[in-house]
There are 2 protein chains.
Amino acid sequence: MSPRRRDAEGTAAARAERRAELLATAAEVFASQGYAATTIRQVADAAGMLGGSLYYHFDSKESMVDEVLSTFLDDMWASYEEVLAAGLGARETMEALVVASFRSIDRHRPAVVIYQNESKLLAASERFGYLRDSHRRFQEMWISLLARGTAEGAFRPDLDAGLVYRFIRDTVWVAANWYQRGGRLSADDIAKQYLAMVLEGISASRD
Amino acid sequence: MSPRRRDAEGTAAARAERRAELLATAAEVFASQGYAATTIRQVADAAGMLGGSLYYHFDSKESMVDEVLSTFLDDMWASYEEVLAAGLGARETMEALVVASFRSIDRHRPAVVIYQNESKLLAASERFGYLRDSHRRFQEMWISLLARGTAEGAFRPDLDAGLVYRFIRDTVWVAANWYQRGGRLSADDIAKQYLAMVLEGISASRD
DNA sequence: CACTCTACCAAATGGTTGTTAGAAAGAATG
DNA sequence: CATTCTTTCTAACAACCATTTGGTAGAGTG
């Protein structure tokens, strides 16, 4: 490769790194203050620069959340695909999906918080149509998994399928609101306990 | 009572009614758009009046959420007090609390959504200190109930107490995001299914 | 009919927002 | 050392925000 080429690659890589850095702090501010409530100047403050300077790196405030959310979703779906491709039984698939979800929270905590709080609002706009797509895909994945599990005799047949789906979906993701990396419980610890609760219940009685 | 007295009561009642009416539409807009993202003009639009006119009834946008949230919390705690005063066993108390929570969602759905999405942000300000108090009280109530239940042998001892608390807290309230009055499942139906899942789990196996 | 009171409207206020354009600082390059 | 390129700053912009002020239509009251 020519020197010109190497330089171009070097600066492109540096630029991408700075971009990711700024995006990470933006995600944290969005997550803690709420997207609509945070000003571009607050994000710039957290990044140690002035408001206008952010526009050298990003087109708009909207494009920042866009990149935060789509990066997270791409990563999440990649890990889901791996699980689904393994061809496990319904219960094992469910366990693996829950573990993958908590690891996703571990890697993208601010993005998950933003996704939870703002996706409903953002999804209304054209630009964030992929949020609606992801949501639909997520729902179909779980509903069919639960149906398969019930047919296989792994899950109780006396529960409302839609309710169970929402239950799992919600319980998995809300944890992002209080989870912190390096805390008392690791993401895998939490996944294990969550699975114990959801699968076997918190009751001591076995009737 | 004198006629003057009766008139004063009449207009005071009418005023309170209008207030509650406006507050209900404000709560709905806040819940669907997010508090920070909704403008006072949007609320006024939904109420069929102009932005400035709302200030005849309310001091500020902040005082609107304030009234919405405190009304909900007062009602919720009143129903919790009733349950706690009944002196039931740990498991029965838990069941009654969950049922009371879902009935609370049924009565104050928009308020619950607002509480979920915005309380963390609002609680930072002096005015909404009661949100922090309520949260602390809620946590103490559940933690001690779970401890009692574990001591009584009603709940599994192998789960992390703090995790179970958050699990229950979250699963109970997120339902406000999709619940709709008069839907396929009543609030009591949902409470029953949620309790079945949380207490006994969704797994078919009983090992 | 005169008067008052309630509930709203019309129009403006100061402040904040996202965003832009042009200058400048500094490192990299020749 | 001169030049270029990258990144930031300075200083604005129009749009929009919550809120205020003063007016007014209309119902209720005497």
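Convention: sequence-line order gives letters A, B, ...; per-chain numbering from 1. The figures that follow rest on heavy atoms only: side chains count, while hydrogens, waters and symmetry mates do not.
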Does a side-chain N or O from [X] land closer than 4.0 Å to OP1 or OP2 of [N], or not?
{"X": "A/Arg18", "N": "D/dT8", "result": "yes"}
{"X": "B/Arg41", "N": "D/dT19", "result": "no"}
{"X": "A/Tyr55", "N": "C/dT20", "result": "no"}
{"X": "A/Tyr56", "N": "D/dT7", "result": "yes"}
{"X": "A/His57", "N": "D/dT8", "result": "yes"}
{"X": "A/Ser53", "N": "D/dT7", "result": "no"}

Provide, to the nearest angstrom, the distance between the [atom1] atom belonging to [X] and the [atom2] atom belonging to [N].
{"X": "B/Asp45", "N": "C/dC9", "atom1": "CG", "atom2": "P", "result": "11 Å"}
{"X": "B/Arg15", "N": "C/dA7", "atom1": "CZ", "atom2": "C1'", "result": "9 Å"}
{"X": "A/Arg19", "N": "D/dT7", "atom1": "CZ", "atom2": "C1'", "result": "14 Å"}
{"X": "A/Gln42", "N": "C/dT16", "atom1": "CD", "atom2": "C1'", "result": "12 Å"}
{"X": "A/Leu50", "N": "D/dT10", "atom1": "CG", "atom2": "C1'", "result": "8 Å"}
{"X": "A/Ile40", "N": "C/dG18", "atom1": "CD1", "atom2": "P", "result": "6 Å"}

Original post:
Taking five pairs at each end, how big is the angle between the two axes of the helix from C/dT19-D/dA12 to C/dG30-D/dC1, to 10°?
Top reply: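 For the helix from C/dT19-D/dA12 to C/dG30-D/dC1, the axes at either end differ by 10°.
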Does [X] come within less than 4.0 Å of [Y], counting only side-chain N to carboxylate O?
{"X": "A/Glu67", "Y": "A/Arg127", "value": "no"}
{"X": "A/Arg137", "Y": "A/Glu140", "value": "no"}
{"X": "B/Asp133", "Y": "B/Arg136", "value": "yes"}

**OP:** Check the side chains of B/Trp173 and B/Ser101 for a donor-acceptor pair under 3.5 angstrom, ignoring hydrogens and angles.
**Re:**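 Note: B/Ser101 and B/Trp173 side chains miss the donor-acceptor criterion.
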**OP:** Look at the aromatic rings of B/Phe167 and A/Phe167 and report parallel, tilted or perpendicular, splitting at 30° and 60°.
**Re:**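 Rings of B/Phe167 and A/Phe167: perpendicular, over 60°.
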Original post:
Reckon A/Thr38 touches a base, only the sugar-phosphate, or nothing at all at heavy-atom distances under 4.0 Å?
Top reply: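 Sugar-phosphate contact only - A/Thr38 comes under 4.0 Å of backbone atoms but never of a base.
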Original post:
Is the NZ or CZ atom of A/Lys61 positioned over A/Tyr55's six-membered ring, under 6.0 angstrom from the centre and within 45° of the axis?
Top reply: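 Judged by the rule, A/Lys61 and A/Tyr55 form no cation-pi pair.
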**OP:** Taking side-chain contact (heavy atoms from CB on, under 4.5 Å) as the test, write out the residues that go with A/Thr93, two or more places apart.
**Re:**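 A/Thr93 satisfies side-chain contact (heavy atoms from CB on, under 4.5 Å) with A/Val83, A/Leu84, A/Leu88, A/Leu97, A/Leu145, A/Arg148 once adjacent residues are dropped.
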